[in-house]
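See structure below.
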Amino acid sequence: MTGQETSVEESLEKERYDRQLRVSGWRQELLQKATVLIAGVGALGCEISKNLALMGVGKLILVDNDVVELSNLSRQILFRDQDIGRSKSQAAAEKIREMNRYVEVKPVEGDLRRIPLEYYEEASVICACVDNWPTRRWLNSTAVETGKPLVDVAMEGVYANVQDIIPGKTPCIECHGEELIPREVQAAECTLRRRRPEDLAQDLKEQGITVTLQEAEELFKAGIKTIFDIKYSPLGGLLKLNPSGGELIQRIRELLRPKMPALQSVAAAISGIATMEIIKILHRGSLGKPYSGLIIYDALASRVTRVPLSRNKECFVCGEYARGEEATLTMEKDTTVLQLKEVIAQRYMYPDPEVQYKTKILKDDVKLGQLTADDELMLFIHTSRRLNPLTIKVKLI
Ligand SMILES: [Zn+2]
């Protein structure tokens, strides 16, 4: 580009953002050099990425593993009829590019927990727009452990909420898990999943879905060991692993994922609030402070409520013992690994713990006292609810 062309380009860009540049404290250059990762491109993810693109955030990473469906079109602003069946992240990226050519967009198709960590590390802010607690818990842990600010957004029917998590400064979503995570989610998260075909069949039965043991074994062979795997693994990947079980997987998936009530107007309202929280975080103080508690929108009562929250030192994601000061459990020497897993599921709401001692993942029937002659053990707990394992010290009696 010649010097003249550059200055024309610059003045066009300036004119594009003219009205927002007039907001006191606004710093467009901070938006331009920022990257926001949008985790989940549904109603909230579409709205928020649209807002950030129009306002000129430099780069958006859009992550989703689903395809566009007809029932998305009443809310998800980036999709059209002709997008049905297409990847959400790809279709959304195209529309974003049309809206603002100054924004770089990176569509990523895949499971949020399995995409390369570099995408999270590259982000200035992570925005969680997911519809389930297991993934929100994982994103929360990932944000805390990578030191990235997280804006967590959720909605159901006429209610919606936003929480900013600034690692080391504000509470995380697990600091008050006992009060804020819905009771039925807590009960499910506290139940140990043993990962045998019969347990998967039992879990499904509790959800009112009957599969034969043979079918459960089929699912196991395809790597589907929990209800979570069926609900949230990318369908394409599951079908590739197990073409013959495709119909079964799809049938169970439809039964397991009840459609939640959702409204575009509520999505737009809460997304507007969440977008401002992201913008404030990116402004680092020149545009007001991000709110450190929970913001709740009740559309029927026309009310936005702020619920102050404080950090919980005992939090096992962002608290003191998650960083060096490990948790301590006291167990009898003949406690088996399976019994320990049950305690961990209850205490930390980790339904799928795997226990590592030194470099080995322990089998269920191993007794803790067999592992060492000492009276304490250092163990690492792996779970799909965390990025890195939780370290615990077990005192043997
Ligand atoms: Zn916390």
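Each ligand, and each atom within it, is numbered from 1 in the order the structure gives. Atom set for the values below is all heavy atoms of this structure, side chains included, hydrogens, waters and symmetry mates excluded.
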Validation: residues 358-369 side-chain donor-acceptor distances under 3.5 Å, sequence neighbours left out:
unit_1 : atom_1 : unit_2 : atom_2 : d
D364   : OD1    : K341   : NZ     : 2.7
D364   : OD2    : R194   : NH2    : 3.4

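Checked by atom type and distance alone, the side chain of R86 never pairs as donor or acceptor with a backbone atom of F79 at under 3.5 Å. Using modelled atom types, one side-chain atom of Q20 and one backbone atom of M55 make a donor-acceptor pair closer than 3.5 Å.
For the Zn ion (ligand 1), protein N, O or S atoms closer than 2.8 Å were enumerated as C172 SG, C175 SG, C315 SG, C318 SG, with waters left out.
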Step-by-step side-chain contact (heavy atoms from CB on, under 4.5 Å) determination, D18 to R22: CA-CA 7 Å; D18 177 71; R22 292 165 192 270; 2.9 Å; yes

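Summarising the local packing, CD of E332 is surrounded by 12 or fewer heavy atoms from other residues, nucleotides or ligands at distances under 6.0 Å. The environment of CD in E29 is crowded: more than 12 heavy-atom neighbours from other residues, nucleotides or ligands sit within 6.0 Å.
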